[in-house]
Every structure is written in C-alpha cells, then in structure tokens.
Trainee: 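Sharing a structure, written as structure tokens. Questions coming.
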Amino acid sequence: MKAHDVLEERGFFYQLTDEKIVADRLNGAPVTFYIGFDPTADSLHVGHLLPIMAARILQRAGHRPIMLVGGGTAMVGDPSGKTEMRQMLTPEQIQANTGDIRTQLERFVEFGDDKARMVDNADWLLGLNYVDFLRDIGRHFSVNRMLAAESVKQRLETGLSFLEFNYSLLQAYDFYVLARDYDCEFQLGGQDQWGNIVAGVDLTRRLLSRSVYGATIPLLTDQTGKKFGKTEAGAVWLDSGRTTVYDYYQFWRNSDDADVGRLLAYFTDLPIDQVQCLGGLQDTGINRAKEILAYEATAMAHGAEAAKQAFVAAGRQFGFADPQGTVETSSAVAAIGVDDVDDNLPTHELEAAMLGDGLWIVKLLVAAGFEKSNGAARRLLQAGGCYVNDERIEDLDRQITAADFTDGRMNLRAGKKNVRRIILRS
RNA sequence: GGUAGGGUUCCCGAGCGGUCAAAGGGGGUAGACUGUAAAUCUACUGGCGAAGCCUUCGGAGGUUCGAAUCCUCCCCCUACCA
C-alpha cells in the first residue's frame, strides 16, 4: 500500500513542501512523521479529526507517527486562522487537557514501543532560556518574511500580540527537536499550519543541514463555507460526556448530500472505489450512504457497539434508509439486525418525587437540557416543536404526570431531531 | 507618550435625553415543504408560571423627573505620529 497515493486519492493533500520527494518517501520505506495538537480544551472535536485520520493511514502503511500534544505551545496560543487572541490558559488547565487529549488519541492511532509515540513539547519548550533562544533560533527568522505570512497578515488588521507572533518560532523549533532527537522528517497539519510547517522545515535545514518535509490538509468547510464540525450547539466533541454518542452519530447522519463522498473518504476506512460509488448515489441511496458514514465515523470514535446502538436508535426514530440492504457496502452496518439490539437514546433521569401532582412541561424541557430558560421552552411550545411520546403538545400549561410514562419511561422531543428518553427514578 | 476614532444584546451594526428590551442583517431555534439533505417560505430569538415587573448598551461615579444617549475619572481596542 502506497501511503502517499492513498492520501492523495482520498483528498488529504492541500500543499506539499516538495511534491516529488514527499511522494517518494511516503510511498517507500518507513518514515517518522508528526502531527501536533494544542491542548486548548479538555477534548478534541471533529475539526481535529482530519490530521488524525491522515496519521492513521500513514501508520497503517508502516510509517511511525509522533503525536505531539502542545503543552508548551498552548501557553502561547497559535494565532493562525484566528481573528483574535484566545483567552490565555493557565498551566494547570493545560496539563489537565493534555492528559484528556492523549486518551482520545489512543482510539485512533496505535501506541507502543515500535508504534506511535506521544510527546509533549512542554518538555523542551518550558525550560528554554530567552536570550539563548533568541541567539540560537531567533536569528534564523526574518521578521520581514514573517510579516508576509498569510496568517500574520490577517491579524495585522485586528491586532497581534508579540506573544502570539512568536508562535511559529516555537512550532518550528518543535520540528527541529523532533528531527534531531527522533529522526522525524515529515510534518502534517491543517491548512492554516502551512506557515508554521515551512518555518520548521527551514529551521531544521539550517540547524541540522538536513531536509525535512511537510504537507497540509485542506480546511474542511460545509456548504455554507463555515468551518466543519461546528453546529448550533458548538463544536462536535469526541468526548461522549460533551457530545453524546447519539448526537455524534446524528452529526454525521445529517451531512449535506454533496459532502457525503468527501466525508466517507476522509473519515472512514472504506475502500476508495466504494466511497466514490456511495457518494454518487441519490435519494434512498444517499441516505443509506449517510447511515454508513455515520456508523463508521461513530464506530471509529466510540466503538462498534455504541455505534450500533446509535444507528438503531436513530433508525427507530426516523426510519431506516435501506432496510432491504440493496446498497452494497463492506461496512459492518450491513450486518446489523435491527430488532435484536437495544437502542441508545440519550436519557435524562427524573426523580419520581419531582413529578408530584404534575410537572409543568416547560420545567421538564429545561430540566432535560433542551432549553436554557422557561421563556425559550415556552417559545418552543408555541412554535409547535415539543412532543411527548411523539404527540405534539400545544397546551402551554400541560402537566406531565405518571400517566405519561410507560414502564417508567417517556419520550420527550424538541423539534424533529432532539430526542431524549426521560427515565423515572424513585 | 501625543493626536484622532471607537467599545451596543450570540456576531456585525444602527441608535446619540423619554415613544428603547433597543432598527436592520447574519446566525440560531421551531413550523411548512421534503429524504433526519439542500433550497424556499413563515414565526420566534434577555429573564420571570408572563399581569406587570426585573436586569442589559466597556467599568465606576455624577447631572436629570427620566440616561445606551450628557458630564467626570478609569479600563480596553484601532489608526497615524513617537
């Protein structure tokens, strides 16, 4: 399997520092490469997934990933692709986040002695001496050139602090350290990382007289041009405590028709010819393709069992796209027997005592997390978007009583897609 | 440090003494139509069990019957100059 060619045909490359050499190296003998994440939150979200998927493909082709968690760079904050400075994080936050992110990465890439390695740039960045760093590293950087970088230019309009301006030096230094100590010769990153990657390539050449390479992955946007992975509710997180497995599944299931092929290529392991075939389908076919995408993506992040439950739960709620199995696929969804599985709707537990003589529907909507305030819940009712056991509730004063529950369960829905199973607890 | 212009609700952006919970747009939510898609159309979009009341216009004071609007001090941003 030729890694470069696989990445290429799946659309993973945006820019390469050296087309020919990168192709040769990645198609050839094992290479050590790295991708980095700054621990600015306690969970990764789907926006981070693209480079991870690329790393996964490279690893399976025999290359060695270094997954860098940027405990040091997070102290500074990358200005690339941002219109303003992000809030500074405390060292404690960063440390906690670093641990959480490591755990998540383990689901996508195999770690071990001769497998992937995890590093934290805090190990070599935090101890740096300012003047030494300026003399040894800073002298290789031209401010003129840095100012010309696209990511900096953008920020010149709104303001860029000296702190952030230094970010690319640190990332460049990372690449140099990894090249020096781990024989790393290739870096992958998002489209907005181009400047930082190139800076690292240059620095390494100057300091080690050695050629290293880099590539960027296209920035994923949805049809409206917005960054992929953000929804009304914010980012779609990999942590099931932040984004439930069901919602994660639904995120993929609700993809735009036009995106399905691309997303399958990026976020599943299905062979490329099957991906192309699925992406070209229409009507029921494209909906089946979305189910496959959602199942595969969910299984990757949360495991096959959880994905199966989400698939069944969603299917019971909205119907299955292809119950006859007419669309051919090698995905494991094809084998799921719909009847013999417990579904996995997100639940909300309700103290039986809260019910009393009746619990106001507005209160329940808020308690279950559908709405932030009574006012918002009222508006939902008024707009006709609230359903109890799939029956629309029109009555603003509707009281929920024990009669609404069957076996201690009841179904509460806000709009078409947000369902929660309310479980009575005594 | 100097000069000029700014900080308005999730975002952009009007408002410049009462009629302001604050125009317009974006975004979001819901409904209709559909395929759990897109596009389109409609309604809603600070809080309160909704009568009325309460809290919002960078912060703190002040003037006034009344302040997002006027005054004072402070904080922050942008541009030019140093």
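A note on names: the letters A, B, ... follow the listed sequences, proteins ahead of strands, and every chain is numbered from 1.
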Trainee: Of the non-hydrogen atoms in Tyr173(A) and Leu125(A), which two are nearest, and what is the gap between them?
Mentor: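 Closest approach of Tyr173(A) to Leu125(A), heavy atoms only: CD2-CD2, 3.6 Å.
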Trainee: What residues from residues 377-396 of chain A pass a heavy-atom cutoff of under 4.0 Å to RNA chain B?
Mentor: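 Heavy-atom contacts with RNA chain B come from Arg378(A), Arg379(A), Leu380(A), Ala383(A), Gly384(A), Gly385(A), Tyr387(A), Arg392(A).
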Trainee: I need the CG-C1' distance between Asp247(A) and rU36(B), as an integer number of Å.
Mentor: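 Result: 13 Å.
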Trainee: Tell me which nucleotide among rG49(B), rG35(B), rA30(B) gets nearest to the side chain of Asn418(A).
Mentor: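 Given the options rG49(B), rG35(B), rA30(B), the side chain of Asn418(A) is closest to rA30(B).
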Trainee: Would you mind listing every salt bridge (charged side-chain N to carboxylate O under 4.0 Å, His left out) that reaches into residues 278-293 of chain A, with sequence neighbours excluded?
Mentor: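 Sorted result for residues 278-293 of chain A: Asp257(A)-Lys290(A), Arg288(A)-Glu291(A), Arg288(A)-Asp322(A).
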Trainee: Less than 4.5 Å apart, side chain to side chain, heavy atoms only: is that true for Ile336(A) and Tyr295(A)?
Mentor: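 Side chain of Ile336(A) against side chain of Tyr295(A), heavy atoms only: contact under 4.5 Å found.
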Trainee: Is a side-chain donor or acceptor of Asp395(A) paired with a backbone partner of Asp397(A) at a separation under 3.5 angstrom?
Mentor: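 At least one qualifying donor-acceptor pair exists.
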Trainee: Between the base of rG47(B) and the side chain of Asn374(A), is there a donor and acceptor pair under 3.5 angstrom?
Mentor: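 Under the 3.5 Å cut-off, the side chain and the base do not form any donor-acceptor pair.
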Trainee: Can you check nucleotides 53-57 of chain B for protein contacts, nitrogen or oxygen pairs under 3.5 Å, and list what you find?
Mentor:
none

Trainee: If only side-chain N and O atoms of Ser373(A) are considered, is one of them under 4.0 Å from the OP1 or OP2 phosphate oxygen of rG47(B)?
Mentor: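 Result: yes.
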Trainee: Within 45° of the ring axis of Tyr266(A) and under 6.0 Å from its six-membered ring centre, is that where the NZ or CZ of Arg10(A) lies?
Mentor: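 Checked: cation-pi criterion not met.
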Trainee: Mind checking Ala314(A) for me? I need base, sugar-phosphate or nothing, with any heavy atom below 4.0 Å counting as a touch.
Mentor: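 Here Ala314(A) touches the bases of the nucleic acid.
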Trainee: Is the Trp252(A) ring parallel, tilted or perpendicular to the Tyr248(A) ring (thresholds 30°, 60°)?
Mentor: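 It falls in the perpendicular class, over 60°.
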Trainee: Taking rC10(B) as the reference, what is the distance to rC57(B) when you measure between their P atoms (whole Å, please)?
Mentor: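 My reading of the P atoms in rC57(B) and rC10(B) gives 11 Å.
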